[in-house]
Structures are given as structure tokens and as C-alpha cells.
Protein chains: 2
Amino acid sequence: MNAKTLILAILNRQEATGYEIRKMCTEGPYSYFVDISYGSIYPTLAKLEEEELVSSRVEHHSGKPDRKIYQITEAGQHEFIASLANPPQPDKFKSEFLLIAMCAELGTKESVKIAIDERIAHVEEELKMIRSHHSECSHPGTCWVIEYGEHCMSNDLIFLKKKREELLDIAGRNDGFRTAAE
Amino acid sequence: MNAKTLILAILNRQEATGYEIRKMCTEGPYSYFVDISYGSIYPTLAKLEEEELVSSRVEHHSGKPDRKIYQITEAGQHEFIASLANPPQPDKFKSEFLLIAMCAELGTKESVKIAIDERIAHVEEELKMIRSHHSECSHPGTCWVIEYGEHCMSNDLIFLKKKREELLDIAGRNDGFRTAAE
DNA sequence: TAGGCCATGTAACCGGTTACATGATTAG
DNA sequence: CTAATCATGTAACCGGTTACATGGCCTA
């Protein structure tokens with residue numbers, strides 16, 4: 001999924017500034033799709049306006065920076081809905097942690113411990129975030145997605161906690177050799 | 001995770017040609033990390049050889065293309081192990097399907113049905129693949145990762161099947177309007 | 001008064017993909 | 001006979017990131 005589709009998806013729900021769009025991509029429920037940064041948001045917004053898929057108005061506030069608020073146009077809505085209709089590309093999952101786990105015997109018990117504990121903490125934090133969204137959720141599709149995320153992450157967490165010791169044992173087997181070699 | 005680390009990880013286990021590396025990235029257990037294509041594998045391999053992190057030898061076979069087989073060097077092993085030690089970047093998950101689900105009410109019951117059924121089929125296929133790897137797995141770290149994948153995907157599948165109807169209902173609510181409007 | 005938040009935008013760069021070029025062998 | 005598999009590699013392109021420029025307000 002590219003920046004264009006994601007921005008259209010956001011603007012289809014609510015008007016927003018580039019700054020707000022970026023926030024939603026990193027914090028809100030949209031963060032479960034992609035992260036995009038200013039460097040791609042602003043140019044994409046400009047392109048979309050050129051194509052007349054979005055329009056904008058500027059609000060002036062004394063003492064605050066101007067806000068350039070973007071809305072989706074009718075053409076933009078059509079474009080977005082059309083793009084939803086063609087079947088989605090398969091999900092992608094990338095994990096550096098999994099590489100560390102796969103090569104656990106090459107690390108020390110200590111380094112693997114840091115990796116898995118950080119991973120557990122991270123999933124717990126995301127779960128907390130996703131649950132906070134759930135309580136304030138009224139839109140059915142968003143609800144569905146949030147429940148999906150909650151389901152996956154809490155199961156993820158169960159595995160991570162249950163199999164933590166096992167992974168540390170794999171890492172620990174060679175610690176003796178290593179110490180002897182140093 | 002970049003191509004360099006992934007290739008080093010593969011070569012740390014076994015020597016391989018560029019062609020074989022690509023296969024492992026798309027089919028083997030390495031596919032749970034990243035997909036990389038020839039266009040990035042061959043140039044990366046050349047760069048790694050320049051840096052003397054890998055070396056290569058060429059095998060000639062009558063009637064078959066030459067095989068340029070790469071091995072990791074000692075320097076390469078050190079580099080790889082060192083890269084495992086620093087804590088991993090957070091996992092990333094991207095899903096176009098989830099965007100369709102989030103905007104279910106904008107699609108027809110039919111289009112959403114195609115999306116979720118395709119998604120279910122895809123996860124089922126991956127599960128089958130991962131299970132076939134599991135049976136032939138002897139390396140403990142790889143085993144751990146495969147079990148992790150199996151756990152996550154089978155739970156994913158449970159949710160998808162249980163909540164399928166619910167999602168279709170969200171999509172179906174407006175089908176009446178749409179038909180009337182056409 | 002230092003740092004964070006609001007807010008917009010650009011330019012250089014980079015990692016990767018897509019498509020192409022080449023060509024023999026083998027299985028259906 | 002056709003398609004797939006083996007096998008290596010390049011060039012153009014593209015989508016996105018990082019870092020920079022700018023600047024006022026508010027909070028600790």
C-alpha cells in the first residue's frame with residue numbers, strides 16, 4: 001500500500017492537515033497499516049491536489065502556524081472506493097527479532113534476553129494502545145480491525161511469554177564455550 | 001532489515017548461489033523476514049565480496065549454467081554476529097486487507113467476501129508451508145521461529161473464520177442503497 | 001531557558017523493484 | 001512444442017526516508 005491510498009483513506013473519513021495525517025499514521029489505528037513521514041506526506045498531498053482528488057483551504061491563526069486543511073473531493077472518493085475493490089496484496093510481516101531468535105545460539109543469553117524482553121514490552125505497549133482505541137470506537141469496520149489486532153497481539157504475547165525460557169536456553173548453551181575462549 | 005544482513009544470515013548457515021538465496025527468501029523459512037529479488041541479491045553479493053565478508057568459487061557444469069557459489073568469510077561471520085547483538089528494530093506489519101476491512105461499508109458484500117476469503121486461503125497455504133518446514137526441522141532456533149509462526153497464523157485463522165460473517169454484514173448494510181442508486 | 005509541540009515544506013539519498021537480456025535443459 | 005527451472009546479471013525507475021530550514025507558542 002502506498003502513501004496515496006493511505007492518505008485518501010484518512011481524508012475519506014475526516015479532513016486533516018499534513019501534520020495531523022502524519023500523527024494518525026504513527027499513533028492512531030492507521031499505524032497498523034504503514035508509517036509514512038513528512039517527506040512523503042506533503043509531496044503526495046500536493047500531487048493529489050494536482051490530480052484534483054483532494055482540495056485544500058488555509059486557516060490563519062494569530063500566533064500559530066497556518067493550517068492547510070485538506071478535504072477529499074468526489075473524484076477522490078470514487079478513486080479510493082475503486083481502489084478498495086481490487087483484491088488486496090498479501091500481508092507483509094518483517095521482523096528483525098525473529099532473525100535474532102532464529103540465530104539464538106550465536107548470541108549470549110544476555111543479548112537474547114534483551115531482545116525478547118524488549119519485544120514483549122513493545123507488544124504489551126501496542127496492546128495497551130490498541131485497547132485504548134477500542135473503548136472509544138464506534139465505527140464498525142474500525143472496530144473489527146481493532147479487535148483483529150487485539151486478538152493477534154494478545155496471542156503473540158502468550159507465545160512469547162510461554163516460550164521465553166526455551167529461547168534463552170538455546171542461547172545459553174554456548175555461553176560456557178564463549179567464556180572459555182575469551 | 002536489509003538485504004545485506006539477510007544474505008549474511010543465510011550464508012552463515014550454508015553456502016549458496018544467488019539463485020538459491022532468492023529461493024530461500026521466497027519459499028523457505030527465511031520468507032518470514034523479507035522478500036528480496038535478484039535485482040538486489042546480485043549487487044549485494046558483489047558488494048559483500050568487495051568488502052571481503054563473503055567469497056565465491058565458480059562451478060562449471062556441462063549443459064548447465066555456471067554456478068557461482070558464495071561462502072561467508074570469518075570477517076563476515078563476525079560482522080553478522082555483531083549485528084545480531086544490537087537490539088532489533090520493532091516488527092513491522094503491513095496489510096492491505098485490513099484497510100479493506102476497515103472500510104468494509106464502502107465495498108459490496110461481494111468484494112469484501114473475495115478479500116477475506118482470499119486472505120483465509122492465503123494464511124491456510126502459509127500454514128501448510130510452515131508445517132512442512134516444521135517436520136523437517138532439527139535446528140533449535142529455526143524450530144522456535146517456525147513454532148512462533150505456526151502459533152500466530154493458526155490464531156489469525158481462527159479470528160478470520162469466526163468474524164467473517166460479521167465483516168460481511170458490515171459490507172452488506174449498504175448494498176440495498178447502492179442497488180437502488182444504480 | 002530548554003525542550004517539546006505545532007506546522008509546512010524541500011533536497012539528497014538509498015534501498016529495493018521491475019523489466020530486460022541471455023540461454024541451455026528438462027518435464028509435461 | 002511449450003513451459004518451467006536453472007542461472008547470472010544490469011539499468012531504469014520509484015517510493016520512501018533522513019536531514020535540513022524555519023519559527024512561534026507553551027510548559028516544565
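Heavy atoms only: backbone and side chains are in, while hydrogens, waters and symmetry mates are out. Letters A, B, ... mirror the listed sequences (proteins, then strands); counts begin at 1.
Whole-Å rounding puts the Asp66(A) CG to dT22(D) P distance at 18 Å. The distance from atom NE2 of His61(B) to atom P of dT8(D) is 10 Å, rounded to the nearest whole Å. For the pair His60(B) NE2 and dT25(C) C1', the interatomic distance rounds to 18 Å; values are reported in whole Å. To the nearest angstrom, C1' of dT8(D) lies 13 Å from CD1 of Ile69(B). Here the C1' atom of nucleotide dT8(C) and the CG atom of Leu45(A) are 11 Å apart, to the nearest Å. Glu59(A) places its CD atom 10 Å from the P atom of dA7(C), with the value rounded to the nearest Å. Between Arg67(B) atom CZ and dT25(C) atom P there is a gap of 17 Å when expressed in whole angstrom units. Counting to the nearest Å, the C1' atom of dT8(D) and the CZ atom of Arg22(B) are 13 Å from each other.
Looking only at atom types and distance, the side chain of Arg119(B) has no donor-acceptor partner in the side chain of Ser95(B) under 3.5 Å away.
Between the side chain of Thr73(B) and the main chain of Glu52(B), a donor-acceptor pair closer than 3.5 Å is present. Checked by atom type and distance alone, the side chain of His151(A) never pairs as donor or acceptor with a backbone atom of Leu160(B) at under 3.5 Å.
Between Lys23(A) and dC5(C), a side-chain N or O to OP1/OP2 separation shorter than 4.0 Å is absent. Between dC6(C) and Thr17(A), no contact under 4.0 Å exists linking OP1 or OP2 to a side-chain N or O.
The residues Lys162(A) and Glu147(B) are annotated as not salt-bridged, no charged nitrogen and carboxylate oxygen being separated by less than 4.0 angstrom.
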Stepwise, does the side-chain contact (heavy atoms from CB on, under 4.5 Å) test hold for Gln14(B) with Glu20(B)?
-> CA-CA 11 Å; Gln14(B) 61 195 274; Glu20(B) 286 166 344; over 6 Å; no

Base versus backbone protein contacts along nucleotides 9-20 of chain D [heavy-atom cut-off under 4.0 Å; B, S, -] | BB-----SBB--

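Relative orientation of the Phe159(A) and Tyr148(B) rings is perpendicular, given thresholds of 30° and 60° on the angle between their planes.
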